[in-house]
Engineer: 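The structure's right below; bear with me while I get my questions together.
Note on naming: letters A, B, ... go to the chains in the order of the sequence lines (proteins, then strands), and numbering restarts at 1 for each one.
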Protein chains: 2
Amino acid sequence: MDNLDGHATRECLNAWPAPPHSVIATDPLYRRFRSVQAAFRRRAQALMHDCDCPQLLHGSANVLLQLSEQDGLTLTELARRCEIENSSLTALVDDLERSGLAVRERSANDRRHIHMVLTQKGREVAPRIRHVWQQIQQIAFASISAQDIERMQSVMQTIESNLNGG
Amino acid sequence: MDNLDGHATRECLNAWPAPPHSVIATDPLYRRFRSVQAAFRRRAQALMHDCDCPQLLHGSANVLLQLSEQDGLTLTELARRCEIENSSLTALVDDLERSGLAVRERSANDRRHIHMVLTQKGREVAPRIRHVWQQIQQIAFASISAQDIERMQSVMQTIESNLNGG
DNA sequence: TATTGTTATACTCTATAACTATA
DNA sequence: TATAGTTATAGAGTATAACAATA
């Protein structure tokens, strides 16, 4: 076990070694993507709470905003616009129904289709949610130029495309 | 149910409406953070497979690289360097042990400490993992200038700090 | 009492596969 | 057979809280 004590000693002598370049160049970047998203989500939840909005998943709020643009979309069309799978949408729509913001209405013409229709409450809440999202933008992008934000989005898109082999 | 058919008709007449500015400005950006990270992970897994590396979680690979910089770190020190909680580290360390790349060794001096020690296999594999991560960088950042990458990282850091109220 | 580490649990976001109901 | 939607399940990454062992 002497070597283990040796390790412990090295730790003490050199507690903060510089990480190798390959590590600092990849892992923190990789992890930053998640932590930024988490920061967006946490701040949005705090703001929604402050604004007396129902506590929605970020995805549900997005569905709500889609519906406030065009009410009565079918689930499949909503999933397409939100760029998620049908099965992923189910929980978000459940969330909206549970919060009383929208209801499923089965189509009379083709009973396979379900239209999502905003309730009165949903129509009232949607602008507040939209406002919260706008606030988040203002907070998040404070002191960052529009050009830098666009550049970042474009770089991220290129990275994703590079990694997906395109 | 006539209104539902009305919705269906509007869909047909105007199937691809432009989303409102507030939506395009936030949600796709929010979601991009996750999708880029997923792209990194998927590509890394594919490359690790091609290079005959053990299939490790990204986090486990990161722990392995930390150990290849300094062997025998305690779990708490490893968690600190990886910027995760102790409890989150457990699964990653289990992963490394399961793959035979490192072993837990309890310290004789202070039996509360556990040192992670690379095995022979771990020392052989670490450089290959590092190489894979370097390849990923090359793939991900192809045709993107170093300046743009640094700028993106810095912008992301600012966004996170803004959102966290700093 | 304080520290190290583990376990149990939960949460967010997402996907795939198998299923039901309808056309 | 094809489409719309649901359910069941998984997986990645993370956290909190309660716990055991040790100091």
Side-chain angles (χ1 to χ4, degrees), chain A residues 4 8 11 27-28 30-45 48 55-63 73-80 82-97 103-116 160, chain B residues 4 8 11 27-28 30-45 48 55-63 73-80 82-97 103-116 160:
Chain A
L4 295 179
E11 273 173 55
D27 190 57
Y30 171 87
R31 296 162 47 85
R32 182 77 57 197
F33 290 116
R34 184 175 287 262
S35 60
V36 170
Q37 202 204 30
F40 263 102
R41 179 168 28 79
R42 275 195 306 269
R43 191 65 185 249
Q45 279 173 346
M48 288 207 273
Q55 292 288 318
L56 296 174
L57 299 176
H58 178 95
S60 312
N62 191 37
V63 171
L73 293 171
T74 64
L75 296 187
T76 294
E77 177 60 17
L78 266 176
R80 190 188 64 71
C82 295
E83 296 175 71
I84 57 177
E85 292 300 310
N86 252 317
S87 59
S88 306
L89 181 63
T90 299
L92 307 182
V93 162
D94 289 347
D95 196 18
L96 291 182
E97 277 204 324
V103 291
R104 286 172 167 93
E105 288 189 13
R106 199 168 277 278
S107 164
N109 286 3
D110 182 339
R111 294 191 50 75
R112 289 173 303 181
H113 288 86
I114 292 183
H115 297 272
M116 282 313 287
E160 191 173 344
Chain B
L4 295 179
E11 273 172 57
D27 191 58
Y30 171 88
R31 295 161 49 83
R32 182 78 58 197
F33 291 116
R34 183 174 288 263
S35 61
V36 170
Q37 201 205 30
F40 262 102
R41 177 167 29 79
R42 275 195 306 269
R43 192 64 186 251
Q45 281 174 346
M48 289 207 273
Q55 292 288 318
L56 296 174
L57 298 176
H58 178 94
S60 312
N62 191 36
V63 171
L73 293 171
T74 65
L75 295 188
T76 293
E77 177 61 17
L78 265 176
R80 192 189 63 70
C82 294
E83 296 174 72
I84 56 177
E85 292 301 310
N86 252 318
S87 59
S88 305
L89 181 62
T90 299
L92 307 182
V93 162
D94 289 347
D95 195 19
L96 290 182
E97 278 204 322
V103 291
R104 285 172 168 94
E105 288 189 13
R106 200 167 275 278
S107 164
N109 287 3
D110 183 339
R111 295 190 51 72
R112 290 174 302 182
H113 288 86
I114 292 183
H115 297 271
M116 282 313 288
E160 191 174 345

Engineer: At less than 3.5 Å, do the side-chain atoms of B/Ser87 and the base atoms of D/dT14 form a donor-acceptor pair?
Structural biologist: no
Engineer: Taking for each residue the nucleotide of DNA chain D bearing the nearest heavy atom, is the 5' side occupied by A/Ser88 or by A/His113?
Structural biologist: A/His113
Engineer: Taking CD from A/Glu83 and C1' from C/dT14, how many angstroms apart are they, rounded to a whole number?
Structural biologist: 13 Å
Engineer: Between D/dT7 atom C1' and A/Asp94 atom CG, what is the distance in whole Å?
Structural biologist: 11 Å
Engineer: Between C1' on C/dT7 and CD1 on B/Ile114, what's the gap in Å once rounded to a whole number?
Structural biologist: 14 Å
Engineer: Do the side chain of B/Glu160 and the main chain of A/Ala39 share a donor and acceptor less than 3.5 angstrom apart?
Structural biologist: no
Engineer: So, OP1 or OP2 of D/dG5: does either fall under 4.0 Å of a side-chain N or O from A/Thr90?
Structural biologist: no
Engineer: Atom CG of A/Leu89 and atom C1' of C/dA15: how far apart are they, to the nearest Å?
Structural biologist: 14 Å
Engineer: Report the residue (A/Glu85 or A/Arg112) whose heavy-atom-nearest nucleotide on DNA chain C is the more 5′ of the two.
Structural biologist: A/Glu85
Engineer: On the nucleotide D/dA12, are OP1 or OP2 found under 4.0 Å from the side-chain N or O atoms that B/Arg34 carries?
Structural biologist: no
Engineer: Rounding to an integer number of Å, can you tell me how far B/Glu160 CD sits from D/dT14 P?
Structural biologist: 12 Å
Engineer: Round to the nearest Å and state the distance from A/Arg42 atom CZ to C/dC11 atom C1'.
Structural biologist: 13 Å
Engineer: If you check every side-chain atom of B/Ile84, which of C/dC13, D/dA15, C/dT22 has the closest atom?
Structural biologist: D/dA15
Engineer: Quick one: A/Arg80 CZ to D/dT3 P, roughly how many Å, whole number?
Structural biologist: 16 Å
Engineer: Counting only side-chain N and O atoms of A/Arg106, is one of them less than 4.0 Å from OP1 or OP2 of C/dA21?
Structural biologist: no
Engineer: Identify which nucleotide among D/dG13, C/dT12, C/dG5 has an atom closest to any side-chain atom of B/Asn86, counting heavy atoms from C-beta outward.
Structural biologist: C/dG5
Engineer: Is a donor-acceptor contact shorter than 3.5 angstrom present between the side chain of A/Thr76 and the base of D/dT3?
Structural biologist: no
Engineer: Relative to the ring of A/His58, is the ring of B/Tyr30 parallel (under 30°), tilted (30 to 60°) or perpendicular (over 60°)?
Structural biologist: parallel
Engineer: In whole angstrom, what separates A/Leu57's CG from C/dA10's P?
Structural biologist: 17 Å
Engineer: Does any non-hydrogen side-chain atom of A/Ile84 lie less than 4.5 Å from one of A/Leu92?
Structural biologist: yes
Engineer: Drop me the distance from A/His115's NE2 to A/Leu75's CG, to the nearest 0.5 angstrom.
Structural biologist: 9.5 Å
Engineer: Could you check whether any side-chain heavy atom of A/Arg34 comes within less than 4.5 Å of a side-chain heavy atom of B/Val36, counting everything from C-beta outward?
Structural biologist: no
Engineer: Just compare D/dT22, D/dT14, D/dT6 and give me whichever is closest to any side-chain atom of B/Asp110.
Structural biologist: D/dT22
Engineer: NA contact type, B/Arg104, heavy-atom cut-off 4.0 Å: base, sugar-phosphate, or nothing?
Structural biologist: sugar-phosphate
